[in-house]
Structures are given as structure tokens and as C-alpha cells.
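Basis for what follows: all heavy atoms, side chains included, without hydrogens, waters or symmetry-related copies. Only a predicted model underlies this, so the values are computations on that prediction, with no experimental measurement involved.
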Amino acid sequence: MIQKQTLFPFLLGCFLFVNVLPLIAQSPEWSESKRKKGIQILTRPVPGSNIEEFLGKTEVEASISQIIALLVDPQSCKNLYHQCKELTVISGSEKKSSVYLRNGAPWPVNDRDVIMDRSFEQNDKTLTTTMKMKRLDSNAKGSPSGVTRMPGFEGYWKLIPLANGKIKIEYQAHFEPGGSVPQSVINLVLTDTPYETLLNLKSLVEQGKHKEAKYDWIREPNHTPSN
């Protein structure tokens, strides 16, 4: 028999369980759309949006700093990011800045661009490093003629040190392209963007691009990459 002193916590627990359970059940699940060359691509619905978000995963043998250097290097735009036409730092520092990004699109769809906030943080214990990206409502750089400004963009890159000496990479993003874009094009973007970008990243790491990069605000795992 439940004592009076335990009745309220018991009832409160039941209330919370009953009310949280529907939220858990309604949480969108990831579904795999591609797995090839050590890269996995997943997508899932986003409540209130017609566009799914994507999540790309892979592993590389590199330092955290090398990967960061590849991600932020404006010269990596066309060599790393799929369909990237311009990546320009507008203002800020290495750890936090506002950035202009322009991506190409297949004809007859207009190119898309966005100004976003880009920031880094590193977990002191796990050394997991995250690059967060979020659209800024800014006119610091205007859209060229024939280019559509995206009304929504948010994502991150997560670099997770593994016990085997490698770095697990997660690249997740959701965007609202604005304007009229055929569903066939959107479906290609959701799969090709993370896959081709991660494939390029693996190739650049293997080539040793930015291998010697160092950041004084980044702590590296105790192992030394062999690439």
C-alpha cells in the first residue's frame, strides 16, 4: 500500500510519464538513404517543414585541428563543400564569425545563399568539438542577381575522438531554400550534399591538406594521426 508521504511523488511520476510518452512516440526517426565508401547518410522529417534534415556520418584519421582548418578555409569551398561557389568570412574571429555562403543549383533553379553565424565549442572532458551554424538575419552582403536568399538554415559539424585514434564526423543540417524548388532537386540535395561533402573531406585528409594546422583553443587527443 502506498503511504501518504509517497503518494504525491508517485502521482507526479505517473503524470510526467503519461505526458512525456506521447512526445517520445512522436519524435521523428532517422531513415538511411545511402551507405557507401564508409559514409552513412540519414534523413528525417522536421515538424512544420516540408524539407527533411540530413545527417552524414563517417570516420577519418586526422587531428581535430586539421578538420577544422578544412571546414573554415575559404579555399576549401569548391574542393570540400558540395556545390559551393563562395565562402567568405564577413567578420569575427576563428572561434566565432559571420560567414557568407553561396551554393549552386541545377538549372533552372536559382543558386541559394545565406549569411550565417558560425561558432566552435569543445567539451573539456570528451574533447568532442562542434561547429554550429545558424542563419543570421543580416544584409551585410547582398545576394547577386539571380540568387535566392535562404530564409532558414541551421546545422552543425561534430568531431568526436574515438578510442581507435580516429575522429568520428557528424554533419547535420536543415534548410529552407525559399522560392520554388522541385522536390526531385530537394531529394538530390538531401543526399548528395552530405555525401559528396564528406567524400571530399576524406579525400582532402588523405592528401594531407592542412595536416599541420594548430589552434591554441583546441585540445587534441593523446594519439597522433598517421596520415
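Within a 6.0 Å sphere centred on NZ of K34, other residues, nucleotides and ligands contribute more than 12 heavy atoms. Around NZ of K141, the count of heavy atoms belonging to other residues, nucleotides or ligands within 6.0 Å exceeds 12. Counted within 6.0 Å of NZ on K209, heavy atoms from surrounding residues, nucleotides or ligands total 12 or fewer; the atom is thus considered open. No more than 12 heavy atoms of other residues, nucleotides or ligands lie within 6.0 Å of CZ in R219, so this atom counts as exposed by the packing criterion.
Side chains of N187 and Q183: a donor on one and an acceptor on the other come within 3.5 Å. D113 and S143 are linked by a side-chain donor-acceptor pair at a separation below 3.5 angstrom, with hydrogens and angles left out of the test.
Remark: the backbone N or O of L127 is paired with a side-chain donor or acceptor of T129 at under 3.5 angstrom.
For the pair E59/N164, a side-chain contact is recorded, criterion being any heavy-atom separation below 4.5 Å from C-beta on. Looking at H82 and Y195, their side chains never come closer than 4.5 Å, going by heavy atoms from C-beta outward.
Atom-to-atom distance recorded for T43:OG1 and I51:CD1 is 12.0 Å, nearest 0.5 angstrom. In this structure, the separation between CD on Q83 and OG1 on T197 is 9.5 Å, given to the nearest 0.5 Å. To the nearest 0.5 Å, the span separating CG on L201 from CG on N79 amounts to 12.0 Å. Separation of atoms NZ (K214) and CD (Q66) is listed at 9.5 Å; rounding is to 0.5 Å.
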(Q) Could you walk me through whether Q40 and E32 satisfy the side-chain contact (heavy atoms from CB on, under 4.5 Å) test, starting with their C-alpha distance in whole Å, then the side-chain angles of each, then the deciding distance to 0.1 Å, before giving a yes or no? (A) CA-CA 7 Å; Q40 181 187 28; E32 185 177 273; 2.8 Å; yes
Q: List the steps, then state whether side-chain contact (heavy atoms from CB on, under 4.5 Å) holds for F175 with L190.
A: CA-CA 10 Å; F175 62 91; L190 290 175; 4.0 Å; yes
Q: Evaluate the side-chain contact (heavy atoms from CB on, under 4.5 Å) criterion for residues S97 and I90: first the C-alpha distance (whole Å), next the side-chain angles of each, then the deciding distance (0.1 Å), finally the verdict.
A: CA-CA 7 Å; S97 56; I90 298 174; over 6 Å; no
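Of the listed residues (R118, Q172, K134), just one forms a side chain to side chain donor-acceptor pair (under 3.5 Å) with Y156, and that residue is Q172. Of the options T130, T128, I68, I218, a side-chain contact (heavy atoms from CB on, under 4.5 Å) to Q122 is made by I218 and by none of the others.
Closest approach of C84 to K78, counting heavy atoms only: O-CG, 3.5 Å. For the pair V181 and G178, the tightest heavy-atom approach, listed with the atom from each and the gap, is CG2-O, 4.0 Å. In terms of heavy atoms, S49 sits closest to H174 at OG-NE2, 3.1 Å.
Classification of the W157-Y171 ring pair by plane angle, with boundaries at 30° and 60°, yields parallel.
Under a 4.0 Å N-O distance rule, the pair K132/D117 does not qualify as a salt bridge. Taking 4.0 Å as the cut-off between side-chain N and carboxylate O, E170 and K168 count as a salt-bridged pair.
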